[in-house]
Amino acid sequence: MIRGRFAPSPSGRMHLGNIYSAVLSWLSTRSQGGEWILRIEDLDRQRCRPEYATQIEDDLLWLGLDWDEGGSRGGTNAPYFQSQRDEFYQAELEKLKRKNLLYPCFCSRADIMAASAPHSSDGSIVYNGHCRNLTENERMVLLSTKTPSIRIAIPDALSSFVDGHYGEQKCNLQHDCGDFIVQRADGNFAYQLAVVTDDALMGITEVVRGRDLLQATHQQIFIYKQLNYNIPTFSHLPLLITTQGARLAKRDKAADMGILRQQFKPEELLGMIAFLSHLIDRQQPISLTELTKEFSWSKIPKEDICCDL
Ligand code: GLU
Ligand code: ZN
């Protein structure tokens, strides 16, 4: 059974970019007769709010995107809110610890910036591994004054996978990703660990999401391998960008679901998303059933998609 998922962060109302990812993930899964799961990624307790999660469900249902498990609907893999899944992340963290892959990092963000580490292709900072080489003694001394974050040690090795849409992806793990954080100093688990744990335990077989996570996929696959879980297929989507070339974001008010719902009927918005993704060649209202028949990865462009709202 194909199992896809949508994993939004409830840090605000969804915008066109979020709903576009949801529609394409839903179409990819449903066109294969698969099950679709809704997981709420509210790890960042400061930025996420339950009201936004409720609003996400309402926006998905308004468009007709139904799900089999997850969110407030529950299911056999409950809970579907990352904020309630610490025990699962802790268990996976213990497994990585037993494999001697983890070490405490005492660096502040300022330390890391000052070490002028190179940037990876997605703009994130590559950690230079400073704390990997601390002696036990140095660690003891630092531990008495500071709570560290926990990093995973990444080998100097090639990583490659075949993306369902963008084809073969390669990188050198050490050079392009570096040792990354799996648990923050405040105790919160990092997204990379949480997303792998959840997709693995929820039996997800295909991941469809924006290509901003293409590079992070190497880190996630590394964790899958260490934990001996089956690796799902990954198919990344081109991003929606504004006429200025910037990625569509929450500040682009015209793309906010609240505004879009006032301006369009569900089938009109689906038609717009379908047209933007080249699934149909004229912008016209379309039902999800019709659109499922039109869906094909081969129609979706590789370049980012400019939308003039
Ligand atoms: N929660 C992530 C986001 O909102 C998506 C993670 C994923 O799809 O793997 O961008
Ligand atoms: Zn460090």
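Numbering starts at 1 and runs along the sequence shown.
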Carboxylate-amine/guanidinium proximity below 4.0 Å for Lys302 and Asp163: no

Gln46 atom CD, neighbour heavy-atom count above 12 within 6.0 Å: no

Asp179 and Gln174, any side-chain heavy atoms less than 4.5 Å apart: yes

Inter-residue atom distance Trp36.CH2 - Asp68.CG, 0.5 Å rounding: 10.0 Å

Residue pair Ser72 / Glu57, side-chain donor-acceptor N/O under 3.5 Å: yes

Pairwise side-chain contact, Ser11 with Lys250, heavy-atom cut-off 4.5 Å (strictly under): yes

Heavy-atom closest contact (Ser160 atom, Lys170 atom, distance): CB-CG, 3.8 Å

Heavy-atom side-chain proximity of Arg209 to Phe234 below 4.5 angstrom: yes

Val208, Leu214, Asp212 screened by side-chain contact (heavy atoms from CB on, under 4.5 Å) with His236, the one that passes: Leu214

Ser235-Glu206 side chain donor-acceptor pair, cut-off 3.5 Å: no

Heavy-atom side-chain contact between Trp67 and Leu60 under 4.5 Å: yes

Closest non-hydrogen atom pair, Cys171 against Cys177: SG-SG, 4.1 Å

Side-chain donor-acceptor contact under 3.5 Å, Ser287 with Glu290: no

Minimum side-chain heavy-atom gap Gln82-Phe88 below 4.5 Å: no

Non-neighbouring partners of Arg85 that pass salt bridge (charged side-chain N to carboxylate O under 4.0 Å, His left out), sequence neighbours left out: Asp198

Asp199 vs Tyr224, side chain to side chain contact (heavy atoms under 4.5 Å, CB included): CA-CA, chis, key distance, verdict: CA-CA 10 Å; Asp199 283 338; Tyr224 274 102; 3.2 Å; yes

Ile300 versus His165, closest heavy-atom pair with distance: O-CE1, 3.0 Å

Sub-4.5 Å side-chain heavy-atom contact between Ile273 and Leu16: yes

N-O pairing of Asp58 and Arg261 below 4.0 Å: yes

Atom CG of Asp186: over 12 foreign heavy atoms under 6.0 Å: yes

Check against side chain to side chain contact (heavy atoms under 4.5 Å, CB included), Leu93 and Leu102: CA-CA 9 Å; Leu93 189 87; Leu102 306 184; 3.9 Å; yes

Between Tyr80 and Glu69: side-chain donor-acceptor atoms closer than 3.5 Å: yes

Electrostatic pair Glu267-Lys265, nearest N-O below 4.0 angstrom: no

Shortest non-hydrogen separation from Pro8 to Pro10 and the atoms involved: O-CD, 3.7 Å

4.5 Å side-chain heavy-atom contact, Asp44 and Arg184: no

Lys/Arg-Asp/Glu bridge criterion (N-O < 4.0 Å) met for Arg247, Asp304: no

Distance-only side-chain donor-acceptor flag, Ser21 / Asn18, under 3.5 Å: no

Minimum-distance pair of heavy atoms, taken over all atoms of Arg3 and Ile204: O-CG2, 3.5 Å

Considering all heavy atoms, the nearest Arg45-Ser83 contact: NH2-O, 3.1 Å

Arg49 atom CZ, neighbour heavy-atom count above 12 within 6.0 Å: no

Any Trp26 side-chain heavy atom under 4.5 Å of Leu63 side chain: no

Under 3.5 Å side-chain donor-acceptor pair for Glu94 and Gln90: yes

Working for salt bridge (Lys or Arg N to Asp or Glu O under 4.0 Å), residues Asp66 and Arg73: CA-CA 11 Å; Asp66 56 344; Arg73 193 168 172 182; over 6 Å; no

